[in-house]
There are 4 protein chains.
Amino acid sequence: MAHTTIAEKVDRRDGRVIRAERRRIERRATILHAAESVFAQRGYHAASVDHVIKAAGVSRGTFYLYFESKSAVFLELLDGFSFRLMSAIEVVDASAPDAWIRVLSNLQRVVGLLVENRALAAVLFRSAVGLDETVDQRLERLHAHWRKMLVGALENGAARGMVRAVNSELVATALIGSIKETLIEALIKADKTVHVGELARTLMDLHLSGLRPR
Amino acid sequence: MAHTTIAEKVDRRDGRVIRAERRRIERRATILHAAESVFAQRGYHAASVDHVIKAAGVSRGTFYLYFESKSAVFLELLDGFSFRLMSAIEVVDASAPDAWIRVLSNLQRVVGLLVENRALAAVLFRSAVGLDETVDQRLERLHAHWRKMLVGALENGAARGMVRAVNSELVATALIGSIKETLIEALIKADKTVHVGELARTLMDLHLSGLRPR
Amino acid sequence: MAHTTIAEKVDRRDGRVIRAERRRIERRATILHAAESVFAQRGYHAASVDHVIKAAGVSRGTFYLYFESKSAVFLELLDGFSFRLMSAIEVVDASAPDAWIRVLSNLQRVVGLLVENRALAAVLFRSAVGLDETVDQRLERLHAHWRKMLVGALENGAARGMVRAVNSELVATALIGSIKETLIEALIKADKTVHVGELARTLMDLHLSGLRPR
Amino acid sequence: MAHTTIAEKVDRRDGRVIRAERRRIERRATILHAAESVFAQRGYHAASVDHVIKAAGVSRGTFYLYFESKSAVFLELLDGFSFRLMSAIEVVDASAPDAWIRVLSNLQRVVGLLVENRALAAVLFRSAVGLDETVDQRLERLHAHWRKMLVGALENGAARGMVRAVNSELVATALIGSIKETLIEALIKADKTVHVGELARTLMDLHLSGLRPR
DNA sequence: CATGAATGAGAGTTCATTCAT
DNA sequence: GATGAATGAACTCTCATTCAT
């Protein structure tokens, strides 16, 4: 992306450039994966560029050839993961009869994705603040994005009578918080097997029906 | 402190010793407050002893005269605040007719305390993991303590018919998460005025009645 | 070193890699020599990493690139020198007719080596104790090793009738002390020219024949 | 010595001053003793002013009221000990029939003194160099003094036929070295009981008769 | 005289980033 | 492109000394 413009690629499609391009992409991926596992194991701060390049089998200089900085790699991991998370969420038609089942499916897919990528998920959720100015800002933005999505869904749902009318900003934040916290707990502390289904169902039941005895 | 016996202190209660003692306490408080705001602004890692001493208007040596280490100050802030938080919570008799009102009062007091000490609250809630072994452990312990308390309350409440039976571990974690997240939002991002009452009421209403339309 | 396999090194024996390798070795030597002279001038404690890097014309980071710590450099100097010293000593067959001449040769070689490396010798002999646990232990070990060697030689010599029977532990220690002290004097205080031959001969004569008039 | 001149003492011998003076002397001694044991236990460098004042039960300021600096205390200990050592040596008339016995007595007294004050002796002997500029210089001076004394004795003895003619400078240094080294060994490493008599006798025998079989 | 709070220069070490080869 | 040697600012912490009280 950085040094080889698309124009160049089109210009000399004689094989050489293509192969070099492929090499570039592979190298980038190698470093990215190495960084992921290092960050996941040690957290953002305790993970050093040294750890990453050793895990990737790449020289120091090469690292900086493919990534601007330590925080840039982290940012990219963040973005990629966030994208996959977003992609797992399917828009639910509130008027459909199985609307709630579909919401539950969404939640299950999200939880499943997080559990599958537990290491990265843990890093993303626990490395809350103070890592690096750029990283902090991006995390903030991601959060804002998620919250906005949820706010929209709540208001939409309220309009269609699926949920009752609430302070949607506040409730959205609360829902995110409850998901994050239960997942952190589930991912990091407990024994490694997480019942994705139960977790999702319990959360949904709680938020749907509340704690008051029926 | 070492060579000033209690006798001596009593002997010369003519101002000298007393004033010195007061100065010590004030100095300590100055540093502690400076540390609080620095930690709140930058997070544990990005905050350096240098920042703290400059904010406190104190020399490097003085800092280490009053605190053993950077992590020691942080730990002290943590412990002190956690204690005040705990003290704000009153045990509620589940069979009392005004039980829910008292729970709401508890929640309001906690939220109020957090809002009043927004800087410290931010530190407490947002500080990432992987900072320092001691700090990590203490944060973990605090969290475990809070969760255990809530789990106890939920199970007690379920036994008395105040709340329905749920997976109390999971629900406790979810509740903590929702409180944490809404408070982080309220404290840091939004305009400085937080409606303590509304926040507490909304949270309680959400968790009590859920989102399903009545 | 880590990612440069031997194959690679062989592959491009066209100068590049070789020159880099040589540069590394030279740099290491530069730092080591700088450290040697700094340690010699100021002693272990008064010598700081700062002094060393300034003397070597090298940055702080570079120092730690080549050596693990301040004590590591010192230890390396110690070990290297001790090895050369040991290598200078030839085992003497006590039954040979020129045994004493060979002992004298040994002594001369040792003294010569010390005089040639006066800076290092000074470090080795004068450095005080209580500097650093690791350093202390190593110095102790070296000393013990030398003493043991001498004790063995004395007992062996006594068995073959070359020397008379004495408290070999005590005498070995005394011999070492006399060598150390005369060398410290010779190396550091006096004018720079030391008569290696005379020093060795005088010492040997003293210890062989004693002070009593013949 | 420092703040109360003799003139003052004579001026107002009304009791007050005298008592104050006595207090001063006692305090000074207290600190000095504390320093001695601290230095002995930890060596010059590892011993801090903090250790000393705590051992003496005296405040930081008071320490600096009686001694100019950390090194000043050490210097004073050094001087005092050196003085006692010198006082233990009796001038031997080389023409007396029991001259050698008297030399042995001297050696025994010196060794005995060192053994009695093993802690301090060890510090003095092992803290060779690089402690502090002032301390280094003083140690050098002390050494030079001892050596000069011994050189004089050797030359005197040679003139009277008590010992044979040797390079007295070199031999004096060698003798000092052998005494120092054996004492360090005896004082620090070995089990606590040192046979003063044997040590002195062995040393003297070695230096008198040498190692050559009779 | 006595105190001990305050100082700040200096210690060793780390690590993200640069750049000559 | 790729390398890894080199950099230096920044970090936490120590301790001999000063000085207001």
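Side chains included, hydrogens not; waters and symmetry mates left out as well; all remaining heavy atoms used. Note on naming: letters A, B, ... go to the chains in the order of the sequence lines (proteins, then strands), and numbering restarts at 1 for each one.
- Remark: P of F:dC13 and OH of B:Tyr66 are 19 Å apart, rounded to the nearest angstrom.
- Side-chain contact check for B:Tyr64 versus B:Val49: some heavy-atom pair is nearer than 4.5 Å.
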Distance-only donor-acceptor pairs under 3.5 Å for side chains of residues 30-40 of chain B, two or more places apart:
from    : atom 1 : to      : atom 2 : distance (Å)
B:Thr30 : OG1    : B:Glu26 : O      : 2.8
B:His33 : ND1    : B:Ala29 : O      : 3.1
B:Ser37 : OG     : B:Ala34 : O      : 3.3

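- Along DNA chain E, the nucleotide nearest D:Gly61 and the nucleotide nearest B:Ser59 are compared for position; the residue whose nucleotide lies closer to the 5' end is D:Gly61.
- As rounded to whole Å, 14 Å separates atom C1' of F:dA5 from atom CD of C:Glu26.
- Rounded to whole Å, the distance from CD1 on A:Ile53 to P on F:dA2 is 15 Å.
- Closest approach of A:Ala46 to A:Arg42, counting heavy atoms only: CB-O, 3.2 Å.
- For E:dA6, one of the phosphate oxygens OP1 or OP2 lies less than 4.0 angstrom from a side-chain nitrogen or oxygen of B:Arg27.
- For the atom pair CZ (B:Arg138) and CZ (B:Phe74), the distance works out to 11.0 Å, reported to the nearest 0.5 Å.
- Contact between B:Tyr66 and B:Arg24 at its shortest, heavy atoms only, is CE2-O, 3.6 Å.
- The B:Thr62 side chain lies nearest to E:dT7 when the options are F:dA2, E:dT7, F:dT7.
- Side chains of C:Leu78 and C:Leu139 form a contact here, defined as non-hydrogen atoms less than 4.5 Å apart.
- F:dG4 atom C1' lies 12 Å from atom CZ of C:Arg23, rounded to whole Å.
- F:dT3 atom C1' lies 14 Å from atom NZ of A:Lys54, rounded to whole Å.
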Under 3.5 Å between N/O atoms: give me all the protein pairs with nucleotides 10-13 of chain E, atom names plus distance.
from   : atom 1 : to      : atom 2 : distance (Å)
E:dG12 : OP1    : C:Lys70 : NZ     : 3.1
E:dG12 : OP2    : C:Val49 : N      : 3.0
E:dT13 : OP2    : C:Tyr64 : OH     : 2.7
E:dT13 : OP2    : C:Lys70 : N      : 3.1
E:dT13 : O5'    : C:Tyr64 : OH     : 3.4
E:dT13 : O4     : C:Arg60 : NE     : 3.4
E:dT13 : O4     : C:Arg60 : NH1    : 3.3

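- For the helix from E:dA2-F:dT21 to E:dT21-F:dA2, the rotation axes defined at the first and last 5 base pairs enclose an angle of 20°, given to the nearest 10°.
- In this structure, the CZ atom of B:Arg28 is 16 Å from the C1' atom of E:dA6, given to the nearest Å.
- Seen from the ring of D:Phe63, D:Lys70 does not count as a face-on cation partner, given the 6.0 Å and 45° thresholds.
- When side chains are defined from C-beta on, B:Val52 does not count as touching B:Val73, because their heavy atoms never get closer than 4.5 Å.
- Here the NZ atom belonging to D:Lys54 is positioned 7.5 Å from the CZ atom belonging to D:Arg60, to the nearest 0.5 angstrom.
- Nucleotide F:dT7 holds its P atom 9 Å from the CD1 atom of C:Ile31, rounded to whole Å.
- Atom CG in C:Leu65 sits roughly 14 Å away from atom C1' in E:dT17 (whole-Å rounding).
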